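Please find one structure pasted underneath; my questions will follow.
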Amino acid sequence: MNNWDRDRHTRRSFLKGLLGTGIGLLTGSFSLQASAASPITVGLQVELTGGLSTYGHWHLKSARAAAKKINSEGGIAGRKVKLVHEDTETDPATGSRKMRRLVLKRGADVVLGSQHSGVCLASIPVSRRFSVPYFPIGEATQITGNRGHKYVFRTNYSVEAHAQSGYSWVMENLGTNWSVIYANYAMGQSALKEWSSRLQVAGGNLVQSIAVPQGTDDFGPYLQKVDSDESDLLFIILYGPDALGCVRRAEEMGLNNELEIFGNTGSVEALGVDFPGAEGLWSVTNYPRRLEEIPDKLKSFNREFRERVGLKSDGSGPGGSIVDASHFWVPWENLHLIKMAIESSGWREKKDHPRLIKQLEGISLEGSLEHPQGEKYIRQMDHQGFHAQYIQRVEDGTLRIKKRLAPASGEYEPHSSL
Amino acid sequence: MRWSSRALKWKVIAFSVLSAYLAVLPIFAGRFQLVLFTEILIWGTYALSFDLVFGYAGLLSFGQSIFFGIGGYSILYGLKLGFGPALSLTFVFLVACIAGLVIGAAIVRAKGSRFFLITLVGSILFYILATDNSWLTGGTDGMVVPGKFLGLERYYYLVLGITLVLVGLVWLLVNSPIGLGLKLIRDNRERARLLGYSVKKFRILAFSIGAGIAGLAGGLYGYTTGFVSAGFFHWTKSADAVVWTVLGGTGTVVGPFLGAALLTFVKNTVSALTGKFYTATIGLLLIATITLFPDGITGILQRLLEKIRGSADE
Amino acid sequence: MELISQISFGLFNGAVWGSVLALLSSGLNVVFGLMGTVNVAHGSFYMIGAFTSLVVFKGLGTFWPSLAISPLVVGLLAVLVGAIIRPVRGKTLVAVMITFGAMLTLQGSALIIWGSRPRRLPLPFMESFSVFGSGYSYYRLLVAAISGLVLLSLWFLLRRSSLGVLLRATRADSQLSQSIGIPVQKVNLIGFGLGGSLAGLSGSLMAPLVSLTPDMGLRIFATVFLIVILGGLGRIWRAALVAFVFAATRSLTTAFLDPTKGLILTFSIAILAILFESGTGE
């Protein structure tokens, strides 16, 4: 039986497929038979091409390093971890198709999700349909809100959590009169709403919000709208090349001399900060770029973690280029989280999923090698995770951590009850 | 005459055999293969819409994604309004047809490359409209299509049924006097006009039916995957329809399906050709097909069959 | 910022952008005017020009040589595409599809070679000056100047040189031209190469100012097509003028209007323009 089983998964040619499916049917219902020897298949949705490919590349490395470590230490409940991945191409339709492929063709027992919110939202129905635990990384609040369901767990912050945790610090330290420049699509609009609504409720002033269409090359016209007399702060909610273009143009125009500039998560994470205009740039991040800036009690864990994944202590990768490390710890941590949950719940096969879910709800973790980003917990009600985030600033050409914001500071009203 | 009735007989036999095979597929196919075939049928239908408009009516439309998107959102809103699946799908077809009628009436007067540009720009325009109005469309994050999951098999049979019906209807259409009229207009506009054909009316008809079919494909895709997003409108979807049809063979009913089947199958199984190699590969494939095998796969198959039949005839 | 300074900045910024868009639209029009083909790969030529600058910068440590290298490289590439199209010249739509295939191939190749991570080139020099209170790099002025010069040279080439006469003759009536001994095939290829070089140069000039990604050609292609359509397909100088007006308008309206609505408006106008144009047939 096992021979046919393997053939069914590796077969490529159409004609062989015809023949094999006939026999495959007979054995298909047994293919997920649990046995002490059979591996646990973990699916990984990553962006390997397209706009978010810098994330995907490192998420894959991180997941592989975690799998390697776990397997070298005896696997999960004695079973090997088999990691299978698919490229979402940073496109929701492709991403959900790849999710189906992971679940239906490659036999994933659980799936570690994508960085792209659109992909996650498109994949959540697949995880519900086929009852597969899904761990998306995308930050859209609805993922653990009105689009979530009990098979979905997110250990990293949502857009709303970032805002809830950070807004009062920004108001107290950088000013209460904000000019916001934001990417005019779902992610940017959502971040604008979460940050500015809190600003206004706390008595601050949203001087202006400047929408920028995707793929803008020329930031001049948008930046010259900025009212630097009335504003204390230019708040940047842009991603990828847009963020880069905006910061550089702002510097060229001299805006950094007129007001504070603050970048939301994901905006300056991949920016090299050694150019003059970057001096004084503020931002918020999940994970400090430089090892030196990481809190002392987590340093040794992170030193080993980075070594295993291949990230240098200054936050650069093998080629020397800066890595956006904001979320690369998530696959590593999630894999260890899954291991722990499987082992403590006695999960063996698909029908045990409810046990696994119960184990994950309300779980609380300490900083360790398995969880190098630090302490965190998963809220039972909506399966949303809460962790620390950091305010950082560019000083003397390097990033320095200025403040750590505790996990509980990110708690907001849950949007669903699971 | 003998030739064409024999060819006809063969075509009917081939069609029946294929239909029979597809009908019993779910019995022995794995879950993933079922999803794959469902997708192939939907994409084939979508490509068929392009073939009707370009292969038969001679209009190079890069705007099929407009109707694919309209179809996707029509099924979403149809179901939300409480229509059952059958009514919703009919609704989808009607909405898309009407949209095609309205848009077609406005633009078919444009000639050749201007028509192409209008549909291309229109496609981009609709995409921008869709991403900008996320209250209506959910933007690129999309919206979930309501309704219980009915099982992969049911979805497969639904799609198969609709596809077979559409293929049959289109085949009848292109072999009817209307179809002949279309082909005449495509090949020699002036002559057609002299013979009394209303070029404009025929074109609008073809465009509108093509829009309906593209819309239906979009509706089915949204329905069977449970998800619709602004990405349905993206012009690269229009481009896909073009590539599949050209590859499979323009001006045939089966060509679009062959092209869609080949590329979808390749995309899903040959991982070496996915990801970063895919775009360049289909670009080269497109150029090679147009310059070396202008009749696509069907052309190649036909020539092969002729050779076989030719030697058998002797 | 005050209204006057906003308007002035808008016009100034628009002039710089406009000059590059004028270059790009001219390149597209040269090809359309000649072969009646809308070259969908034009945006990809721009992209290759930009990436050539990246390669030159990484290899030689300086940016400037790429301004000469890119037009050459992309020009040759364009000649290649033109050669592929030659056999199907008569069938416009088929030619269009080939250029579409070329676009996919070029973009796909860039994706394979450089991946999708956005690249940046540093500005060749850092000096800047103040425009109504905002800093503005001298490099942008240089871009406008070079574009203007090239456009001027193009005008001379087309109006005064013998090559220009050949190009225009072939465009007007290729059969007649052929019968009087003009090597139509060769002239067409040169035209294609010229159009490509213009795109390549634009890409190089813009490289230090934007993010380099394989799909950067697509993003600008829609804008360039718009301009070409609004100016009238094949009408080089009208399109160049439209380019400036378009860029200035966009700069100005961004200050006062929602940019997405502006885009929607522009596309709609473009569609109407195509519909009502009584153009040069095809």
Side-chain angles (χ1 to χ4, degrees), chain A residues 47-57 87 89-90 184-185 210-230 239-258 270-272 274-277 317 319 321-324, chain C residues 1-2 5-10 12-14 16-17 20 108 111-112 115-120 122-123 126 128 130-140 206 208-216 218-220 222-223 247-248 250-264:
Chain A
E47 283 65 53
L48 293 176
T49 51
L52 294 181
S53 57
T54 34
Y55 290 98
H57 180 59
D87 178 11
E89 299 174 20
T90 318
N184 196 16
Y185 62 97
I210 303 168
V212 176
Q214 252 181 306
T216 299
D217 277 325
D218 184 17
F219 281 90
Y222 301 99
L223 286 171
Q224 57 115 336
K225 284 210 260 190
V226 172
D227 185 347
S228 35
D229 294 321
E230 215 192 313
Y239 305 94
D242 291 343
L244 209 44
C246 181
V247 171
R248 284 189 169 233
R249 193 68 195 270
E251 180 235 342
E252 190 187 320
M253 291 171 70
L255 277 173
N256 53 330
N257 297 323
E258 297 170 26
L271 223 55
D274 50 0
F275 62 98
S321 56
I322 301 293
V323 176
D324 182 337
Chain C
M1 263 210 200
E2 282 180 53
S5 40
Q6 275 197 326
I7 293 179
S8 316
F9 185 89
F12 191 76
N13 202 45
V16 174
W17 254 109
V20 177
L111 193 64
I112 295 173
S116 39
R117 183 168 67 88
R119 310 284 176 132
R120 276 212 84 105
L123 284 171
M126 293 308 297
S128 60
S130 182
V131 181
F132 304 103
S134 292
Y136 213 76
S137 168
Y138 273 117
Y139 179 70
R140 293 179 195 269
M206 289 304 291
L209 298 174
V210 298
S211 293
L212 275 61
T213 54
D215 69 350
M216 66 190 287
L218 282 182
R219 286 190 271 133
I220 208 160
T223 312
R250 194 167 65 172
S251 266
L252 289 171
T253 52
T254 321
F256 306 109
L257 294 177
D258 178 340
T260 322
K261 302 281 186 295
L263 259 178
I264 294 175

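Chain letters run A, B, ... following the sequence lines, proteins first and then strands; every chain starts at 1. These numbers were taken from a predicted model, which means no experiment stands behind them.
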Subject >> Approximate separation, where rounding is to 0.5 Å, of C:M206 CE and A:D218 CG >> reply: 7.0 Å
**OP:** Using non-hydrogen atoms and a 4.5 Å limit, figure out which bit of A:E47 sits close to chain C: side chain, backbone, both or neither.
**Re:**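 Neither part, no heavy atoms under 4.5 Å.
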**OP:** Please round to the nearest 0.5 Å and tell me the distance separating atom OG of C:S137 and atom CZ of A:R248.
**Re:** 11.5 Å
Subject >> Leading residue by heavy atom contact count with chain C [cutoff under 4.5 Å; candidates A:L244, A:I210, A:L48, A:L255] >> reply: A:L244
**OP:** Could you give me the CA-CA distance, side-chain angles and deciding distance for C:Y139 and A:E252, then say whether side-chain contact (heavy atoms from CB on, under 4.5 Å) is met?
**Re:** CA-CA 11 Å; C:Y139 179 70; A:E252 190 187 320; over 6 Å; no
**OP:** Tell me, for C:R120 versus chain A, whether the close heavy atoms (under 4.5 Å) come from the side chain, the backbone, both or neither.
**Re:**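 For C:R120, the side chain is the part near chain A, not the backbone.
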**OP:** Name the region of A:N184, side chain, backbone, both or neither, that has any atom closer than 4.5 Å to a heavy atom of chain C.
**Re:** side chain
Subject >> Non-hydrogen atoms of A:G220 and C:N13 that approach each other most closely >> reply: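 What the structure gives for the nearest pair is CA-ND2, 4.4 Å.
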